[in-house]
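Letters A, B, ... mirror the listed sequences (proteins, then strands); counts begin at 1. It should be emphasised that the depicted structure is a prediction, and the values quoted were computed from it without experimental measurement.
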Amino acid sequence: MKYDFIKKLKSVYPDFGVARKNADNLSLPEQRRSAFNLFTENGIPSKKDEEWYYADLQFLDKYDFEPVLEKASDDSVDDFIDRMKFNTDNANYLVFINGFFSDKYSTVKKYKADVYLGSLLWAANDNEKFSGMISNDFAKSEEPFVNLNTAFSLDGAFIYIPENVELAASVHILHIIDARKKNPFVNLKNIIIADRNAGIKIVETVSIIGDNTGFVNSVTEITAGCHSFVNYYKFQNESGNLHNLNFANIVQMDSSLFESNVITLQSKFVRNNLNVVHRGEHCETSLNGFYFLEGNDFVDNHTMIDHSLPMNNSTQLYKGIIGGNAIAVFDGKVLVRQDAQKTVSYQSNNNILLSDDATVHTKPQLEIYADDVQCSHGATSGAIDGEALFYLRARSIGKDKAVSLLLNAFAADVIDKITLTELGETIKKQIANRLGIRESDMCRLLENE
Amino acid sequence: MVLLKIKDLKASIDNKQILKGFNLKVNSGEIHAIMGPNGTGKSTLANVLTGREGYKVAGEVEFLGKNLFDLSPEDRAREGLFLAFQYPVEIAGVSNANFMKTAVNEVRKYRNLEPLDAMDFLQMMKEKAKFVEMDKSFLNRSVNEGFSGGEKKRNEIFQMAMLEPRLAIMDETDSGLDIDALRIVSSGVNKLRNNDNGFVVITHYQRLLDYIIPDFVHVMFDGKIVKSGGKELAYELEEKGYDWIKKEVNG
């Protein structure tokens with residue numbers, strides 16, 4: 001152990017508290033202190049903690065992480081941001097550097113007054129209605145890193161879509177972790193609220209700039225109001241030294257639709273938690289994910305869907321291709337409580353392993369206490385289908401290309417669930433490039449005829 | 001011209017000997033039917049010739065003058081060997097059109113030809129689809145996924161038309177076909193037939209041979225050919241069954 005992460009936090013926390021005292025509506029001294037104490041008392045989770053069995057958190061003490069507690073100037077990340085953007089004009093960009101909103105780089109379209117797309121800190125300070133909503137979301141949690149986040153987080157995206165408003169343009173949240181000078185430790189918090197009958201599509205990307213090591217700990221609170229829809233995509237394609245822990249809590253009201261897709265094409269270390277709770281009936285929840293790992297990549301996906309009320313549907317489809325020495329984890333829980341009659345819930349996790357040293361740990365879990373439900377879950381892992389491979393080769397397609405075609409097809413059904421065209425297209429292109437598929441798509445030609 | 005020359009071919013799988021000295025010569029322009037009861041090694045023959053893994057083989061097979069066993073499955077296909085599968089594989093997520101474009105261009109690359117451009121390819125694909133009375137929408141569907149038995153077999157013939165092989169092996173193509181599909185499949189084959197290519201039609205029943213008229217009929221039993229003749233041999237088998245052959249062999 002080279003450094004002591006907790007000791008470092010303890011040394012900066014009192015100053016942070018003094019500096020923040022009554023600074024603004026996000027001072028919240030009580031909430032922050034109790035969350036911080038809870039985190040430090042329990043310490044960093046270890047292998048003994050089932051939830052953290054496969055995620056090796058020793059990196060925390062391996063680097064001299066510097067908590068980022070105030071905003072620095074948003075200098076010279078122009079090119080970097082351009083690369084992160086998708087090929088579309090029909091998008092809003094909320095850009096954050098080390099967790100703080102960058103006015104300079106963000107671009108938001110004109111909307112009617114009560115649509116809010118911007119900084120959490122600004123929203124808390126400028127708007128009384130928002131201020132209350134936001135401070136309520138800083139509460140103690142059972143999740144250690146959420147407590148850590150509560151102690152330190154100050155900014156992140158705040159998105160509020162009022163009743164009956166559906167944004168035609170998507171919202172891209174771009175987080176840049178600036179590791180050009182130090183090893184930054186960034187806590188950030190996003191709050192996303194779609195009011196009754198509202199709709200929004202969001203993509204979140206975290207990217208690191210510089211050669212040092214970064215650690216980002218993010219918490220996202222999403223509320224999908226009655227009859228609303230929220231599409232929440234995470235696009236993780238980071239080759240740098242980024243350790244990314246993120247936790248999203250989703251609350252769904254009556255007849256709401258929540259759809260997520262977590263795409264990981266490269267990652268040194270990423271942990272994705274999605275927790276969904278239904279506070280109404282006739283909700284639809286669809287959690288999807290795709291990971292394509294090589295080298296020493298590590299991705300750890302955890303999902304939890306809490307069916308506490310009747311007549312809600314949930315589906316989960318996570319698929320992954322794992323090569324090299326990479327490790328993937330899927331830990332998916334579905335809880336169907338006694339009152340949750342007529343629940344329909346399906347979960348599946350399919351993996352293709354490309355090398356002997358690639359690993360997947362998959363743990364689909366279903367806990368049912370109601371008697372009138374339809375639920376299933378399953379997981380597969382194995383090599384590529386030999387019959388299909390022979391069929392393609394017997395039609396003159398070389399072995400490598402045949403493997404590529406099959407892997408591309410394997411990915412397709414998860415990627416096709418993405419309803420945001422610019423994101424889906426970008427991901428498909430990147431996967432095809434990585435697989436060396438250059439054939440033009442005949443299907444589009446046929447359709448356009 | 002000799003397309004295929006098989007000499008004393010032996011093959012075993014999991015230490016079980018299946019082919020026990022199989023001999024056959026196919027010249028261009030010829031259709032050979034291989035008939036025989038179940039379990040005599042007909043499908044093993046098709047598998048071994050196209051390079052499916054898992055078999056231990058001995059003997060000699062020359063295809064267009066080359067040692068077939070020196071070639072990978074894809075190179076055998078690129079040289080012009082085609083297998084119409086008994087059980088075509090379903091491949092979700094790969095469209096027929098993209099599958100065939102990739103396949104055709106791989107063959108062209110092997111023969112040092114420029115890849116076909118998308119519009120030319122589209123034209124070619126639509127023409128060949130007509131061969132087997134396939135609708136255009138067929139091309140956009142995933143390879144064999146959710147296809148009926150008949151559709152799968154028609155798709156095999158469509159692929160054969162696209163790849164224009166020198167020698168096509170048809171493994172029980174008639175199994176699971178209704179009379180209409182059988183007619184479509186055989187008329188496709190008859191249109192593809194010419195003086196340069198050849199066919200080996202593996203079948204259990206004679207009915208396919210009413211549509212695809214063979215030049216030679218071979219009866220296979222216990223891993224080798226035990227009787228050869230003209231198309232009339234097929235009728236004899238239809239009438240008398242296979243028992244008399246077994247008796248003759250075991251005689």
A.B. asks: With a 4.5 Å limit on heavy-atom distance, are the side chains of A:Phe390 and B:Val89 in contact?
C.D. replies: no
A.B. asks: Let me see the working for A:Leu405 and B:Ile91 under side-chain contact (heavy atoms from CB on, under 4.5 Å), right down to the final yes or no.
C.D. replies: CA-CA 10 Å; A:Leu405 282 177; B:Ile91 304 178; over 6 Å; no
A.B. asks: Please name the pair of heavy atoms, one in A:Lys399 and one in B:Glu74, separated by the smallest distance, quoted to 0.1 Å.
C.D. replies: N-OE2, 3.2 Å
A.B. asks: If I measure from the heavy atoms of chain A, does B:Leu122 come under 4.5 Å with its side chain, its backbone, both, or neither?
C.D. replies: both
A.B. asks: Identify the heavy atoms of A:Arg395 and B:Ala103 that sit nearest to each other, and give their distance.
C.D. replies: O-CB, 3.2 Å
A.B. asks: Does A:Asp356, at its CG atom, have more than 12 non-hydrogen atoms belonging to other residues, nucleotides or ligands within less than 6.0 Å?
C.D. replies: no
A.B. asks: Return the OH to CD distance between A:Tyr391 and B:Glu156, rounded to the nearest 0.5 Å.
C.D. replies: 3.5 Å
A.B. asks: If you take all heavy atoms of A:Ala394 and B:Ala77, which pair is closest and at what distance?
C.D. replies: O-CB, 3.3 Å
A.B. asks: What's the shortest heavy-atom distance between B:Ser72 and A:Arg393, and which atoms?
C.D. replies: CB-NH2, 4.1 Å
A.B. asks: Using every non-hydrogen atom in the two residues, find where B:Ala92 and A:Ala409 come nearest and quote the distance to one decimal.
C.D. replies: O-CB, 3.2 Å
A.B. asks: Heavy-atom distances under 4.5 Å only: say whether B:Met125 touches chain A with side chain, backbone, both or neither.
C.D. replies: side chain
A.B. asks: B:Asp117 versus chain A, heavy atoms under 4.5 Å apart: side chain, backbone, both or neither?
C.D. replies: neither
A.B. asks: Rounded to the nearest 0.5 Å, how far apart are CG of B:Leu81 and OG of A:Ser396?
C.D. replies: 11.5 Å
